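Report on one structure; see the data block that follows.
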Amino acid sequence: MNRLQRLLNSSVGAKVMVATTGLLLFGFVIVHLLGNLQIYRGQEAMNSYAKMLHDLGPLLWLARLLLLAIFVVHLGLAIRLHRANRQARPEPYYVQHTAHREPFHQRRVKATRMMVITGVVILLFVLFHLMHFTFGWINPQAYGKHDEAGRHDVFGMVISGFQNPAITLTYVVAMLLLGWHLFHGAVSTLQSLGLTHPVWRPVVEKVLWALLIFVVVGNCFIPLSILLGLWPPGG
Amino acid sequence: MKLTLHIWRQPDRNSPGRLVTYQLDGVSPDMSFLEMLDLLNEQLASSGQDPVAFDHDCREGICGMCSLVINGVPHGPLQGTTTCQLHMRHFRDGDHIYIEPFRAKAFPVIKDLVVDRSAFDRIIEAGGYISTNVGSAPEANTIPVPKEEADTAFDAATCIGCGACVAACPNASAMLFVAAKVAHFAHLPHGQPERRRRVLRMVEEMDRQGFGNCSNYEECEAACPKEISVKFIAEMNREYLRALCSPAADQV
C-alpha cells in the first residue's frame, strides 16, 4: 500500500498515472475508431460487429467499468495536479512572456495551457455521445430499430444521426479538440514515463503522431462523409 | 543610454509590493545588468532613498545567486546567460525594462527583488549528496567512468541552483532542478549506493515545499542559464518509478 499511495500522492507518481491512463484512453479511442470503420463495410458488417460486442455480456460490463475507472483516475489526478500548479504561483508576473522562440513550441505551450479546458469539453462530449448512441436520447426516432436479421440496427442509427448537420458539427468540433488535447498529451506521456532512449524515443514519437492524425481524421471523416452524402452509396 | 526601469518594490515578506518607475541616465552599454542596478542604487542612496535590494555574489555566472525576471524572462533575454553576465548592449537607448523577482509560493519575497530560495537547500538536504568520507584524492583510474556517462553527469552537474527553472515554469515547478541533481549522481559510480533512496527523498521533499508539477512546457530549459535539458526530467521520472519498485521504497 505504501507504494500505491506514493504513486498516487507524489508529483512524479501522479504524472505517471495521468500518462498511463491517458495512453490507455488513447488506445481505446484507436480501437473504437477501428470498430467504427466497420460502417464502410455496410449494414451487415456493422450490425454483426455491434451484436458481437453486445454478446460479450459480463465481459462487456467489465470493460465498461475498467474504462470508467481509467477515466476517473485520469481526470481526478489531472485536476489535482492542475490545482497544485495554480497554487504554486499565487502572484502572477506583470510581464507574461515565454522564454521559447520557436513557433512550434509556442503552439505546444498553448495546447498545454488548454489541457483542462479541452479535457472538460471532451468529458462533456463523451456524455453527449453516450446520450446519442447508447441511451438514444439525442436522436430517438432512429434508436432501437432492428434490421432484417433481428439485430439492433446500429448502421441505420449512425447514418440517421450524422445526416443531421448539428450533430455532425458537434462530433467534428469535439474530435478537433481531442486532437488538440492529444497534441500536448500524446508525446508528453513519453516524458512522464521516462522514455529517453536516443533511438526509440523519436520512433515512438512518430508512431504517436501518426496515430493522432489517424484518430482525428478518421473520426471526423465518418460523420462528414455521411452528412455530405458520400456514404452510404445512393443513400 | 537612458532607460526607464519598472522595478518591483516590496518592503518585506508580508507587505504588498508594487512596480515603481525610475528614470536612469548615463548607462554604459558595457555595464552588466547588475552594474546598471548598482548605478541606480548609488543615485537612490545619494538622494536619501532606499536602494533596490537584489541578490548577487560572484558576478561570474557560476554561483547561482543572481536572479531577476527581466521583461518576463528569468535572467533576461540572452539565452544561456545569468543576469550578472547580461550586458546593457543587449538593450536599446530609451528601452522600458520590467524587473520582477522570481515568483513562486516556495520562493517567498524577502525584500524587493530578493527571494528566499532555501526550499532548494531543503531538497538538497533530503538527498542531494553522497555519504562517503572525503579523504585525500584517490588515484584517478581506480574508479573507471565511461566518457559518455561522465559527459551526461556533467551536463546535469552544471546546474548552479539559481531557480530560474522555477521562475520560468508556468506551474512554478522545480523538476528541472531536482532532475539535474538526481541525474548528476545517477550517472556516476559514487552515486549508486544511495541512488534509489535519493530520488524518493528528493522528489517527495520537492512536493512538500509547495512547488508545482511539470506539464512539459519546457520553459525551464529555455530559461536555464546552463541550458540543462528537460530529458533529465524524463530520467528523474524513470528513476523515481524504478525506486518505487525497489526495496528502497520500504526504507525511505
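Lettering follows sequence order; numbering is per chain, from 1. The shown structure was predicted, so the numbers you read here are calculated from the model rather than taken from an experiment.
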Contacting moiety of B:Val199, where chain A heavy atoms sit under 4.5 Å
neither
For B:Pro74, which atoms come within 4.5 Å of any heavy atom of chain A: side chain, backbone, both, or neither?
neither
Side chain, backbone, both or neither of B:Glu218 within contact of chain A (heavy atoms, under 4.5 Å):
both
Interchain contact, B:Asp207 with chain A, by part (heavy-atom threshold 4.5 Å):
side chain
A:Gln191 side chain to B:Cys214 backbone, donor-acceptor under 3.5 Å:
no
For B:Tyr240, the option from A:Leu7, A:Val12, A:Val16 that meets side chain to side chain contact (heavy atoms under 4.5 Å, CB included):
A:Val12
Heavy-atom contact with chain A under 4.5 Å, split by part of B:Glu219:
both
Flag the pair A:Glu91 / B:Glu100 as yes when at least one side-chain heavy-atom distance between them is below 4.5 Å, and no otherwise.
no
How about A:Leu195 and B:Arg238: do any of their side-chain heavy atoms sit closer than 4.5 Å?
no
Considering the options B:Asn171, B:Val203, B:Asn237, which one meets the side chain to side chain contact (heavy atoms under 4.5 Å, CB included) requirement together with A:Ser11?
B:Val203
Taking every heavy atom of B:Lys231 against every heavy atom of A:Thr196, the minimum-distance pair comes out as O-CG2, 3.5 Å
Among A:Ser188, A:Pro90, A:Pro92, A:Ala99, single out the residue with the greatest number of heavy-atom pairs under 4.5 Å to chain B.
A:Ala99
Who passes ring-ring contact (aromatic ring centres under 6.0 Å, His included) against B:Tyr98, sequence neighbours left out?
A:Tyr94, B:His6
Chain B interface, residue from A:Ala84, A:Gly13, A:Ala14, A:Ser192 that has the most non-hydrogen pairs under 4.5 Å:
A:Ser192
Quick one: does A:Arg89's side chain have a donor or acceptor within less than 3.5 Å of a partner on B:Ser173's backbone?
no
Main-chain N/O of B:Tyr217 paired to A:His184 side chain as donor or acceptor, under 3.5 Å
no
So, the part of B:Cys220 with a heavy atom under 4.5 Å from chain A: the answer is neither
Please classify the contact of B:Ser246 with chain A as side chain, backbone, both or neither, using a heavy-atom distance under 4.5 Å.
backbone
Is it the backbone or the side chain of B:Ile233 that comes under 4.5 Å from a heavy atom of chain A, or both, or neither?
both
After noting the C-alpha distance and the side-chain angles of B:Glu221 and A:His105, does the key distance pass the side chain to side chain contact (heavy atoms under 4.5 Å, CB included) rule?
CA-CA 12 Å; B:Glu221 181 183 284; A:His105 200 95; over 6 Å; no
Part of B:Val109 lying under 4.5 Å from any heavy atom of chain A:
neither
